[in-house]
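Every value quoted in this text rests on a predicted model; they were computed, and no experiment measured them. Each ligand, and each atom within it, is numbered from 1 in the order the structure gives. Each residue takes its place number in the sequence, starting with 1.
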Amino acid sequence: MEKTFLMVKPDGVQRGLIGEIVSRFEKKGFKLVAAKLMTVSRELAEAHYAEHREKPFFEELVGFITSGPVFAMIWEGENVISVARQMMGKTNPADAAPGTIRGDYGVSVGMNIIHGSDSPESAEREIGLWFQEQDQIAYDKTIDRWIY
Ligand code: ABT
Ligand code: MG
C-alpha cells in the first residue's frame, strides 16, 4: 500500500489546525502510520527543501519551517500521494479550490499550512528523512473492509 509524508507546517500548528487536518485524512479513509510534534533543525530543513536550494525564496523557506514546531506524519492508503495533494490544494492558497486545506485556511504562498510529498520518489525520500523505520506502526483497522 502506498505511503506519503505529510506535515502541518509551523503556521498550521500555531493556528490550531493539527486536529482539523488529521481529521480530514482520517475521515477520507487513510491510515495514520506515524506522527510526531517536533522542532526542525536547519540541517533537516535544508535537506527537505534541497530541490529549492538555488531558488531566491530558499532562505525564507528554511527560516519559516524552522520557526516553530511542525507535526510530521506518515499516511497510508490507495493513491494516498496524489489524493493527499488534491486534498491540500494548490501551492498558492489564492489558487487552491474551496474545500481543500489551503483553499479553506490559507492566504499566502509563504505560509501554506501543510506539506505533502509530490511523487513516489519524494515520498520515499521524505519518509526516510523525517522518520526512522521503527517509528512506523503496522496495524489493521477493521473499518478497512468498508473502505476497500
Ligand atoms: P511544499 O509542500 O512546501 O513543498 O509545497 P508545494 O510542494 O505545494 O510547492 P513547492 B513548489 O514545492 O514549494 C515549496 C515551498 O516554497 C514556497 N514557494 C514556492 C515560495 O515561497 N515562493 C515561490 O515562488 C514558490 C514556487 C511555497 C512552498 N512552501 N511553503 N511554505
Ligand atoms: Mg513541494
Quiz item: Applying a strict 4.0 Å limit to heavy atoms, is His48 in contact with ligand 1?
Solution: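 No heavy atom of His48 comes that close to ligand 1.
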
Practice problem: Could you tell me whether ligand 1 has any atom less than 4.0 Å away from a heavy atom of Arg85? | Solution: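 It does, in that a heavy atom of Arg85 comes within the 4.0 Å cut-off of ligand 1.
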
Quiz item: Just going by heavy-atom distances, which of Pro93, Ala96, Ser108, Gly110 is nearest to atom 31 (N) of ligand 1?
Solution: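 The nearest heavy atom belongs to Gly110.
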
Quiz prompt | Residues in side-chain hydrogen bond (donor to acceptor under 3.5 Å, both in side chains) contact with Gln134, at least two apart in sequence or another chain | solution =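 side-chain hydrogen bond (donor to acceptor under 3.5 Å, both in side chains) check on Gln134 returns Gln132.
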
Self-check item: Side chain to side chain, Phe30 and Met87, heavy atoms closer than 4.5 Å
Solution: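 Yes; the side chains approach each other to less than 4.5 Å.
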
Protein heavy-atom partner closest to [atom] - residue, atom, separation in Å:
atom	result
atom 2 (O) of ligand 1	His115 ND1, 2.5 Å
atom 24 (O) of ligand 1	Phe57 CE2, 3.6 Å
atom 11 (B) of ligand 1	His52 CE1, 3.9 Å
atom 30 (N) of ligand 1	Lys9 NZ, 3.0 Å
atom 8 (O) of ligand 1	Thr91 OG1, 2.6 Å
atom 5 (O) of ligand 1	Arg102 NH2, 3.5 Å
atom 27 (C) of ligand 1	Val109 O, 3.5 Å

Practice problem: May I ask you to decide if the ring planes of His48 and Trp130 are parallel, tilted or perpendicular, using 30° and 60° as cut-offs? | Solution: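 Perpendicular.
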
Quiz item: Any link between Val83 and Ile114 through a network of hydrophobic side chains (Ile, Leu, Val, Met, Phe, Trp, Tyr) touching at under 4.5 Å?
Solution: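 Per the 4.5 Å side-chain linkage, Val83 and Ile114 are co-clustered.
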
Quiz prompt | Cluster check Val8, Leu32: I/L/V/M/F/W/Y, side chain < 4.5 angstrom | solution =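 Linked within one cluster.
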
In this structure, are over 12 heavy atoms from other groups packed under 6.0 Å from [X] atom [atom1]?
X	atom1	result
Lys28	NZ	no
Glu60	CD	no
Gln136	CD	yes

Quiz item: How does Leu61 reach ligand 1, if at all, at less than 4.0 Å between non-hydrogen atoms: by side chain, backbone, both, or neither?
Solution: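 Side chain only.
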
Quiz item: What atoms of ligand 1 come within less than 4.0 Å of a heavy atom belonging to Gly116?
Solution: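 What qualifies from ligand 1 is 2 (O).
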
Self-check item: Close-contact set for ligand 1 against Phe64 heavy atoms, below 4.0 Å
Solution: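 Answer, ordered by atom number: 31 (N).
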
Quiz item: Is it true that Glu59 and Arg42 have a side-chain N and a carboxylate O under 4.0 angstrom from each other?
Solution: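 Here Glu59 pairs with Arg42 in a salt bridge, since their nearest N and O are under 4.0 Å apart.
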
Self-check item: Polar atom proximity, Asp118 to ligand 1 (N or O, under 3.5 Å)
Solution: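 Min N/O separation from ligand 1 is not below 3.5 Å for Asp118.
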
